[in-house]
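Quick notes on the structure that follows.
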Amino acid sequence: MIYKRSSTLFREAQKVIPGGVNSPVRAFKAVGGDPIFVKEAKGAYLYDEDGNRLIDYINSWGPMILGHAHQPVVDAVVEKAKKGTSFGMPTEIETKIAELAVSMVPNIDKIRFVNSGTEACMSAVRLARGFTKKDKIIKFAGCYHGHSDSFLIQAGSGAVTFGSPNSPGVTEGTAKDTLLARYNDLGNVEEIINSNKNEIACIIIEPVAGNMGCIPPVKGFLEGLRSLCDAHNILLIFDEVMTGFRLAKGGVQELYGIKADIVTFGKVIGGGLPVGAFAAREEIMNHLAPLGPVYQAGTLSGNPLAMAAGLAMLTELHENSNIFDSIAKKTEYLHEGIAKALIEKNIVHTINRVGSMISVHFSENPVIDFESAAEGNNDTFKKFFHGMLNQGIYIAPSAFETWFITEALTYEDLDTTIKAVSAIAENL
Ligand SMILES: *Cc1c(COP(=O)(O)O)cnc(C)c1O
C-alpha cells in the first residue's frame with residue numbers, strides 16, 4: 001500500500017498543529033513512520049487520503065461499536081442539526097438519553113452529561129471528594145482516566161506512597177493527593193489504605209483495563225476493592241469510559257456483578273460525538289450543583305447533536321442486546337486465529353481478551369499489570385504494526401492499546417486479518 005498523500009498532509013499539519021495531531025497517540029511516535037490521514041469511513045472500513053481501504057480495529061478508540069457512519073446514528077444527527085446545534089438551555093432529548101442510560105446500567109439513579117471521558121473522570125473524583133469530605137485518591141499504574149492533573153501521576157520514589165507528576169505542568173501539590181497502586185494487587189491497595197487512614201475519598205479503576213493493552217481483573221480483585229471501600233468509607237469509581245455499553249448493556253458492573261458507587265462513561269455513549277457522563281445513586285448525585293455544593297458545568301454539555309447520536313446508539317444496543325454476544329464471539333474467533341498463526345511461526349506472545357476487547361502482547365509472561373505489560377517486545381510490535389498496515393489492517397499504533405471489535409466486521413474480514421498475521425509472522 002502507498003501512503004504518500006498522508007505523509008504530505010502530515011507535513012502540512014505539523015506547521016500549524018503541535019506534532020501535527022490533536023491527541024498524541026495519533027502521531028505514530030511509538031511505532032515510527034507517518035500517521036494515516038483518513039478521508040471517510042463506512043462500516044468496518046477506513047478509506048484514507050491515498051485511496052487505500054483499511055480494516056479498522058481502533059474504531060475511534062472504541063465509540064464505533066456498530067461500525068462507522070451507522071445509518072440510524074447519522075440520520076439522528078443530521079435531523080437534529082437542521083433544528084439548531086446548541087442552545088445552552090434544557091432540551092427533552094437529554095432526559096430521554098438519561099432515562100435510557102439509567103435503565104441499562106445497574107446501581108445508578110441519576111446521570112450528568114459532559115463532553116469527554118476526561119471531564120467525566122475529573123468530575124467524578126471531585127464529586128467523591130465533596131461527598132466524603134476527604135482529599136486523597138487511589139489510582140492504578142497503567143490505568144488511564146483522561147488527562148486531568150490528578151491522573152497524570154507516576155509511582156513516587158523510594159518509601160513515599162504518594163505519586164509524582166509524569167507531565168511538566170502538574171504540580172507536586174496535586175501529585176501528593178494521588179496514591180498509586182498496582183493493578184490486580186489487593187494487598188498493595190490495603191497497605192496504601194492502612195498508611196493513609198481516613199484520608200482516601202475514592203479508588204478509581206478501569207474495572208477491565210484497556211489502556212495498557214487489555215487486562216482483566218484477576219478473580220476476587222474487584223470484589224476485594226468493594227469490601228475495602230465499604231470497610232473504610234471510600235467510594236469505588238468504575239471508569240467505564242471504554243467498557244461501558246461495550247462489554248454488556250450495564251458494563252462491568254453487570255458483567256461481573258459488582259457494584260460501583262460512581263461510574264464514568266465516554267466513547268460508546270456518544271455514538272462518535274464528544275460525550276462523557278458520570279452517574280451514581282441519588283444520594284451521591286444530589287451533591288452536584290445546582291442541587292448541592294459540588295460545582296460542575298459545561299456550555300456544550302448535553303449538546304443536542306451529541307445527545308441525538310448517543311441516544312440513537314444506546315437505543316440500538318438496548319433493543320439488540322445480542323450484539324454484545326455477537327462481537328464477543330467475533331473477538332474469540334480472531335483470538336484463536338491469531339494465536340494459531342503466531343504459534344505456527346513460534347512467535348512468543350500473550351493474548352488478552354474480555355468480550356470485544358483484545359490485545360496482542362509480544363511477551364512470554366502473563367500480562368496482568370503495568371509492569372508485565374511493559375515487558376512486551378516493542379521492536380516486534382513495531383514490525384507487527386507496520387506489517388499489518390501494509391496488508392491494509394489498521395491496529396492501534398502502540399503496544400499499550402486494546403483493539404476494539406465492532407459488529408460491522410464480518411468473518412471474512414476476520415479471516416483476512418488472520419491471514420495477514422500469518423503472512424507477516426514469518427518476519428517478526
Ligand atoms: C478514553 C478514556 C478516557 C478519556 O476519555 P477522553 O474522551 O479521551 O477524554 C478515560 N478513561 C478511560 C478508561 C478511557 O479509555
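As the structure lists them, so they are numbered: ligands from 1, and atoms in each ligand from 1.
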In terms of the angle between their ring planes, are Phe385 and Phe28 parallel, tilted or perpendicular, with boundaries placed at 30° and 60°? perpendicular

Classify the ring geometry between Tyr45 and Tyr47 as parallel (under 30°), tilted (30 to 60°) or perpendicular (over 60°). perpendicular

Report yes if the distance between the aromatic ring centroids of [X] and [Y] is under 6.0 Å, otherwise no.
| X | Y | result |
| --- | --- | --- |
| His349 | Phe362 | no |
| Phe370 | Tyr183 | no |
| Phe238 | Tyr256 | no |

Sorted by chain and residue number, the residues having a heavy atom closer than 4.0 Å to an atom of ligand 1 are Ser116, Gly117, Thr118, Tyr144, His145, Gly146, Glu206, Asn211, Asp239, Val241, Met242, Lys267

Option among Ile36, Ile395, Ile393 that satisfies the side-chain contact (heavy atoms from CB on, under 4.5 Å) test with Leu54: Ile36

